[in-house]
A.B. asks: 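Just passing along the structure, written as structure tokens.
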Amino acid sequence: MTVELIVVSLFVVLAVAGGVMAARSRQILYNIIGLGISLFGIAGLFLQLGSPFVAAMQLLIYIGGIVVAIVFAMMLSMPMAIDPPARSLPKTIFAAIGSGLFLAGLVGLLNNTTFETRPTAGDEAWAVSRIGNALLEHYNLVFEALSVVLLLAIIGAILIARRDRTPA
Amino acid sequence: MTDFPQIFGGHWPGVLAATVAIMGFITVNALMLIWLERKVSARIQRRYGPTEVGPFGLLQTLMDVVKLIGKELVTPDHVHRPLYLIAPVLVFAPLLALLSLIPIDEGWIFHDYDIALVLLLAFSSLNIIGIFAAGWGSNNKYALLGAVRAVAQNISYEIPLLLAVIPIVIMTRSLSLHEIASAQAAYPFILVQPLAAIIYFIAGTAETNRAPFDIPEAESELVAGFHTEYSGMRFGVFFLAEFTHMVIICSVATILFLGGWHGPLLPGWLWFFLKVYGLILVMMWFRWTFPRLRFDQLMSFAWMILVPLALVNLLVTTVVLKL
């Protein structure tokens with residue numbers, strides 16, 4: 001039990017520290033790496049909750065996909081060597097108020113919810129085949145809708161990229 | 001299947017032993033592969049390669065490692081220190097995790113995860129962040145350009161790599177590397193999936209950043225690319241990572257397409273290593289035969305040729321299996 005506790009707290013610390021790094025740093029690459037660390041911590045929590053598949057997907061999609069895509073976008077868009085402007089005070093204040101309200105709301109929500117306690121789901125409950133069946137049977141419509149959304153995003157990206165291009 | 005607390009709570013001596021075994025393998029393997037690389041390149045260029053230290057020059061790399069360890073670790077003035085220092089670790093650590101997933105023989109595996117293939121793809125996409133941290137943290141234009149190229153190249157070649165792996169998963173209905181290799185007792189999958197095998201191997205070679213896909217570290221343009229500013233054993237870690245990455249790509253190719261440990265007469269693990277090192281020889285042969293691609297050729301090769309071919313292959317596979 002104690003080992004489990006240590007491992008969980010390690011991942012929580014990773015997730016929170018990464019989040020702080022993502023929000024605090026003024027160097028954009030540190031923000032991105034902070035996001036990566038935070039997502040890694042969350043993947044660890046999924047693993048701890050007994051769902052290695054979701055944890056692996058978290059690594060594959062969020063860190064290997066999204067974070068790398070953000071690095072890619074950053075590298076194409078802004079000059080990285082330029083120092084960022086100093087943080088302005090009003091912005092900081094509004095951000096603090098906004099996130100404070102969100103935190104208060106979240107804490108209130110958590111306090112007013114009664115969570116069912118269930119026995120820990122076995123390995124079978126989160127097996128890949130189970131998830132696959134659920135996606136293609138019960139959540140079929142959502143699955144298809146998501147793929148249409150992604151297709152639209154791809155077509156949109158192609159259209160935007162092609163707009164200013166004259167045929168060669 | 002795995003349950004996490006047990007791995008850390010109950011079996012920690014096993015985890016420790018496995019880690020030590022893998023570290024030992026990585027070191028010895030890199031020493032031998034660097035020697036082999038020099039010998040292969042020398043033979044292809046009609047030279048002898050290392051001959052002086054040890055029989056056939058076998059101990060040459062060991063001496064080089066002693067030299068590297070003895071060297072001063074120079075940290076340039078204007079680097080972003082945290083990123084610069086963590087980058088070699090970020091590049092190397094995922095590979096350590098990857099090696100632990102590879103089954104060598106029937107039942108010779110540290111832990112048979114039923115999602116090993118997903119884990120493999122997940123971890124192999126992580127080291128690109130380390131490469132970018134190295135390039136950006138070095139605060140050097142050559143390093144940055146090299147890192148930019150590395151990211152672009154890795155994103156592009158990961159897609160055909162994934163698409164080449166999926167037909168195998170559909171055929172075997174399994175994500176476990178052990179099961180996929182076991183399914184090839186009768187014949188290796190390269191006979192039924194030759195196109196996927198070729199696409200996988202090309203994309204895999206690109207993922208290791210080796211020639212002809214070595215534009216991230218093209219000497220004649222970028223000094224040494226993303227690891228220009230690294231010296232001593234920090235540079236050594238990047239080198240270790242590159243050679244370990246080769247072993248992983250070739251091991252996975254062996255498991256997915258060449259039947260893993262299956263083969264007549266010889267014991268299974270021997271077949272496995274013969275196939276892996278045979279593929280590595282092919283990779284070295286590539287490096288010293290083909291010239292480096294230009295950047296636009298590299299990109300259009302991935303997006304215009306490999307991705308459509310892999311998609312068609314996937315479609316044909318599903319249709320044939322459904323018939």
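Scope of the values below: all heavy atoms of this structure, side chains included, with no hydrogens, waters or symmetry mates. A quick note: this is a predicted structure, and the numbers were derived from the prediction, not measured.
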A.B. asks: Rounded to the nearest 0.5 Å, what separation is found between the OG1 atom of Thr318(B) and the CG atom of Leu323(B)?
C.D. replies: 9.5 Å
A.B. asks: Heavy atoms under 4.5 Å from chain A: which residues of residues 82-92 of chain B carry them?
C.D. replies: Pro82(B), Leu83(B)
A.B. asks: Any side-chain hydrogen bond (donor to acceptor under 3.5 Å, both in side chains) involving residues 131-159 of chain A? Give me the pairs, sequence neighbours left out, ordered by first then second residue.
C.D. replies: none
A.B. asks: Using heavy-atom distances under 4.5 Å, tell me whether Ile33(A) contacts chain B through its side chain, its backbone, both, or neither.
C.D. replies: side chain
A.B. asks: If we check side chain to side chain contact (heavy atoms under 4.5 Å, CB included) with Val252(B), which of these qualifies: Leu161(B), Leu121(B), Ile180(B), Ile102(B)?
C.D. replies: Ile102(B)
A.B. asks: By a 4.5 Å heavy-atom criterion (distance strictly below it), what part of Val67(A) contacts chain B: side chain, backbone, both, or neither?
C.D. replies: side chain
A.B. asks: Does any N or O in the side chain of Asn313(B) come within less than 3.5 Å of the main-chain N or O of Leu309(B), such that one atom is a donor and the other an acceptor?
C.D. replies: no
A.B. asks: With no hydrogens and no angle check, is any side-chain donor or acceptor of Tyr200(B) less than 3.5 Å from a backbone partner on Ile249(B)?
C.D. replies: yes
A.B. asks: Ignoring hydrogens and angles, tell me if any N or O in the side chain of Ser38(A) forms a donor-acceptor pair with the backbone of Gly18(A) under 3.5 Å.
C.D. replies: no
A.B. asks: For a 4.5 angstrom cut-off between non-hydrogen side-chain atoms, does Tyr157(B) reach Leu306(B)?
C.D. replies: yes
